[in-house]
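Got a structure here, written out as C-alpha cells. Questions coming.
Scope of the values below: all heavy atoms of this structure, side chains included, with no hydrogens, waters or symmetry mates. Nothing here was measured: the structure is a model prediction, and the numbers come from that model.
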Amino acid sequence: GVKDLCFLGGYELPGLLILYETQPTTVGRMALRSDTCALLTLSLNLQARSYSVICNAGDLPETARKVQALPGPAYGAYVFTRDCIVHFDNQGLDFCLSVNEFGDRLEKLRPTKSDVTTTLELAT
C-alpha cells in the first residue's frame with residue numbers, strides 16, 4: 001500500500017513521488033522479509049490524462065515513512081526512515097545517511113558521498 005507521496009518541482013510536467021510497500025511485513029517476519037518499500041516517480045500529463053514512469057527504486061527499508069520534496073537547485077526528495085535519511089533524485093537513490101548504528105546496515109543502498117553537506121532546517 002501507499003505510505004506517503006509528494007509532488008516534485010523542477011520538471012516540465014508535474015512530478016509525483018510515491019513511497020509504497022511492495023509486500024506488507026511485520027516485526028515477526030523481518031528475518032524472512034525486509035526492505036519491502038519502494039519509490040515510484042511519475043510524470044503527469046494532465047492534458048492527455050496520462051502518466052509515464054520516470055524512475056523506480058526498490059529495496060528501501062520497511063521503516064521508510066515519509067518523503068519530502070526538495071527545492072532547487074538540489075531537487076529530488078528525502079526519504080525518512082527510522083534509521084537513515086535517503087536522498088532520491090531523477091537518477092534514483094543518490095546517497096544514504098545513517099542516523100544511528102542500525103542505519104549502518106543500509107549503506108548497501110549506495111555509499112554516502114564524502115562531499116555531501118546536508119542541512120535540516122526547521123526540523124521538528
Side-chain angles (χ1 to χ4, degrees):
V2 174
K3 292 181 136 189
D4 197 18
L5 56 91
C6 68
F7 284 96
L8 300 172
Y11 295 100
E12 199 170 302
L13 295 172
L16 184 65
L17 179 64
I18 303 170
L19 173 66
Y20 66 99
E21 194 166 26
T22 57
Q23 298 178 347
T25 190
T26 61
V27 174
R29 306 275 302 166
M30 290 296 179
L32 299 173
R33 189 181 342 175
S34 62
D35 298 339
T36 58
C37 287
L39 290 170
L40 177 65
T41 308
L42 302 176
S43 177
L44 306 175
N45 187 335
L46 301 177
Q47 292 179 343
R49 294 184 179 207
S50 65
Y51 67 90
S52 58
V53 176
I54 296 174
C55 189
N56 196 355
D59 295 330
L60 286 170
E62 65 284 344
T63 60
R65 293 285 178 252
K66 176 111 178 99
V67 290
Q68 177 66 50
L70 297 173
Y75 294 112
Y78 282 140
V79 180
F80 294 94
T81 76
R82 181 183 60 209
D83 305 317
C84 69
I85 301 171
V86 180
H87 180 252
F88 181 82
D89 63 14
N90 61 354
Q91 302 298 315
L93 298 174
D94 191 30
F95 69 88
C96 175
L97 175 65
S98 173
V99 296
N100 61 31
E101 65 272 10
F102 301 109
D104 294 342
R105 74 174 179 86
L106 304 172
E107 294 299 322
K108 68 178 182 177
L109 294 174
R110 189 170 214 173
T112 303
K113 294 179 179 177
S114 61
D115 61 341
V116 172
T117 302
T118 302
T119 304
L120 298 176
E121 295 179 12
L122 302 175
T124 58

- Task: Please name the pair of heavy atoms, one in Arg82 and one in Asn100, separated by the smallest distance, quoted to 0.1 Å.
- Result: O-ND2, 3.7 Å
- Task: Could you check if a side-chain atom of Cys84 sits within less than 4.5 angstrom of a side-chain atom of Val86, using non-hydrogen atoms only?
- Result: yes
- Are Tyr75 and Asp89 side-chain neighbours, meaning at least one heavy-atom pair lies under 4.5 Å? no
- Message: Looking at every heavy atom in both Ala38 and Thr22, which two are closest together, and how far apart are they?
- Response: CB-CG2, 3.9 Å
- Around atom OH of Tyr51, are there more than 12 heavy atoms of other residues, nucleotides or ligands at under 6.0 Å? no
- Query: How about Thr36 and Glu21: does a side-chain donor come under 3.5 Å of a side-chain acceptor?
  - Reply: yes
- Linking I/L/V/M/F/W/Y whenever any side-chain heavy atoms sit under 4.5 Å apart, do Leu60 and Leu42 land together? no
- Of the non-hydrogen atoms in Leu17 and Ala77, which two are nearest, and what is the gap between them?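 Closest pair (atom of Leu17, atom of Ala77, distance): CD2-CB, 3.4 Å.
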- Query: Is any side-chain heavy atom of Phe7 closer than 4.5 Å to a side-chain heavy atom of Leu16?
  - Reply: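 Result yes, sub-4.5 Å side-chain heavy-atom pair found.
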- In one Ile/Leu/Val/Met/Phe/Trp/Tyr side-chain cluster, 4.5 Å: Leu5, Leu13: no
- Nearest non-hydrogen partners of Gly76 and Leu8, listed with the distance: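 Closest approach of Gly76 to Leu8: O-CD2, 3.7 Å.
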- Any idea how His87 and Phe95 line up, ring-wise: parallel (<30°), tilted (30 to 60°), or perpendicular (>60°)? parallel
- Query: Taking the side chain as C-beta and beyond, is there a heavy-atom pair between Phe88 and Thr41 under 4.5 Å?
  - Reply: yes
- Check each of Arg65, Gln23, Lys3 against Cys37 using the side-chain contact (heavy atoms from CB on, under 4.5 Å) test, and report the only one that passes. Lys3
- Message: Grouping I, L, V, M, F, W and Y whenever their side-chain heavy atoms are under 4.5 Å apart, do Val2 and Leu40 come out in a common cluster?
- Response: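 Linked within one cluster.
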- Joint hydrophobic cluster, Leu19 plus Val53, side-chain heavy atoms closer than 4.5 Å: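 Per the 4.5 Å side-chain linkage, Leu19 and Val53 are not co-clustered.
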- Query: Going only through I, L, V, M, F, W and Y residues with side-chain contacts under 4.5 Å, is there a path from Leu39 to Ile18?
  - Reply: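 Hydrophobic grouping puts Leu39 apart from Ile18.
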